[in-house]
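Taking it in order: structure first as structure tokens, then the write-up.
All residue numbers in this chain count up from 1 along the given sequence. Start at 1 and go down the list; that is how both ligands and their atoms are numbered.
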Amino acid sequence: MMAQISITACNGPGAEIGNVDLSHGPDDDDFAAIRQAFADHGLIFFRGQTITPEQHIAFARRWGDININRFFTPVDGYPEIAEVRKEPDQATNIGGGWHTDHSYDAEPAMGSILVARELPSKGGDTMFADMAAAYDALDDDMKARLEGLEAVHSSKQIFGGKAAYRVESDAGGRLHNPDAADALDDVIHPVVITHPLSGRKILYVNAAFTTGIRGWSREESMALLMPLYTHALQERFITRFNWEPGSIAFWDNRATWHYALNDYQGERRVMHRITLEGCALH
Ligand code: SIN
């Protein structure tokens, strides 16, 4: 019999969940504990798992509806799973900059469950930053300044037909459907949201998809946003996750940013990502 499920907080944001086998589907008590850890930490990790794509999908479905990714190539036979792949001859990678997935959607995705499938011999870590802690650490003047502000978010500059990422990079060639990005209307979210699960205030802007503050010029917007981004990337808000065979990371897109490091040139890295539908943010 397996020992009782364990939840161990990381040094930075996140917690590692132990003594659970996701291939069998955790029982209801273990699932409730995992759900609570996810709400508390916004970022959870599992080690030593062996799960098939079917089991990945089954675990994801326990959390809610799956978002079928518009831009990433799906895993063959599994439209629910987006493939995050970098080939040895490829210079750029998917997710190689600080971002939160899907902030360009009116109802941004709740989270993503990323399973390691093929790892480089070294490198390829993912960094995560805690946007609740980043908000809490702002001074009162800045918190007052952000109150009531709204930000514009867009997928075009990353995934659209004219995006530098697509035009200049080989990663672009492995994504698909720039028309979907170009057709998508920009969306507005509050700069500070109340997290739907934890009730905590979250700094909800990111360098990849936030294009500015609603009603402000680009210059005015960047004068506010750039120092916020610098603030949010202090080491104390960051966890660096080192992938091993059998590792799984599950992050809350509303509560965290992430960044896939691209430091394993000449080797392959393949990950399977399922993204879960979210809700409107306030
Ligand atoms: C992503 O941005 O979803 C990819 C993360 C990773 O490959 O580590």
Side-chain angles (χ1 to χ4, degrees), residues 10 12-14 16 42-47 49 53 56 60 63 66-75 78 80-88 90-105 108-131 153 155 157-159 163 165-166 169-172 174-177 181 206-210 232-233 238-265 267-278:
C10 302
E16 193 162 316
L43 173 63
I44 53 178
F45 303 110
F46 302 88
R47 298 279 188 191
Q49 302 291 324
H56 188 183
W63 296 81
I66 292 175
N67 173 284
I68 308 286
N69 195 282
R70 301 180 191 88
F71 307 124
F72 294 177
T73 305
V75 171
Y78 302 97
E80 301 91 341
I81 306 179
E83 189 172 72
V84 177
R85 173 185 288 270
K86 182 176 182 251
E87 289 293 345
Q90 206 180 328
T92 56
N93 67 335
I94 291 175
W98 284 107
H99 65 286
T100 185
D101 301 330
H102 290 242
S103 74
Y104 48 77
D105 280 334
M110 174 259 228
S112 298
I113 305 173
L114 190 69
V115 176
R117 293 296 180 196
E118 191 173 337
L119 294 170
S121 56
K122 59 179 165 34
D125 295 353
T126 306
M127 295 199 289
F128 296 90
D130 179 345
M131 290 304 115
H153 298 250
S155 63
Q157 72 273 17
I158 300 291
F159 297 127
Y165 184 63
R166 297 192 62 86
S169 86
D170 46 3
R174 293 167 209 263
L175 297 173
H176 68 165
N177 215 359
N206 68 94
F209 300 120
T210 305
L233 291 178
I238 295 175
T239 286
R240 179 172 176 152
F241 186 62
N242 172 244
W243 294 91
E244 297 164 352
S247 296
I248 298 177
F250 183 7
W251 63 86
D252 186 315
N253 279 312
R254 293 84 51 100
T256 56
W257 293 347
H258 57 281
Y259 181 163
L261 291 171
N262 185 7
D263 56 356
Y264 51 94
Q265 196 54 39
E267 294 195 62
R268 178 178 293 119
R269 179 177 183 272
V270 182
M271 316 293 275
H272 284 183
R273 193 179 98 182
I274 295 185
T275 297
L276 293 157
E277 294 286 10

Within 4.0 Å of some non-hydrogen atom of Gly95, the atoms of ligand 1 are 2 (O)
Numbered in order shown, the ligand 1 atoms found under 4.0 Å of a heavy atom of Ala260 are 5 (C), 6 (C), 7 (O), 8 (O)
In this structure, atom 4 (C) of ligand 1 is nearest to the protein heavy atom Val84 CG1, 4.0 Å
Quiz item: Is there any N or O on His99 that sits under 3.5 Å from an N or O of ligand 1?
Solution: yes
Looking only at heavy atoms, the pair that brings Thr275 and Ala109 closest together is CG2-CB, 3.3 Å
Exercise for the section: Could you check whether the rings of His99 and Phe209 sit parallel, tilted or perpendicular, using 30° and 60° as the cut-offs? Expected result: perpendicular
Looking only at the side chains, is there a donor atom on one of Asn206 and Ser103 sitting less than 3.5 Å from an acceptor on the other? yes
Checking heavy atoms under 4.0 Å, the part of Leu114 that sits near ligand 1 is side chain
So the atoms of ligand 1 within less than 4.0 Å of a heavy atom of Arg269 turn out to be 6 (C), 7 (O), 8 (O)
Short version for Trp251: what comes under 4.0 Å of ligand 1, heavy atoms counted, is side chain
Atom 1 (C) of ligand 1: closest protein heavy atom, distance to 0.1 Å, is His258 NE2, 3.5 Å
Counting from 1 in the order shown, the ligand 1 atoms closer than 4.0 Å to a non-hydrogen atom of Arg273 are 1 (C), 3 (O)
d(Met271 CE, Ile81 CD1) to nearest 0.5 Å is 13.0 Å
Between Arg85 and Glu87, does a salt bridge (Lys or Arg N to Asp or Glu O under 4.0 Å) hold up when you go through it step by step?
CA-CA 7 Å; Arg85 173 185 288 270; Glu87 289 293 345; 2.6 Å; yes
Interatomic distance, CD1@Ile94 vs OG1@Thr73, rounded to 0.5 Å, equals 7.0 Å
Per-atom filter on ligand 1: closer than 4.0 angstrom to a heavy atom of Thr126 are 6 (C), 8 (O)
Using 30° and 60° as the class boundaries, would you call the ring planes of Trp63 and Phe250 parallel, tilted or perpendicular? perpendicular
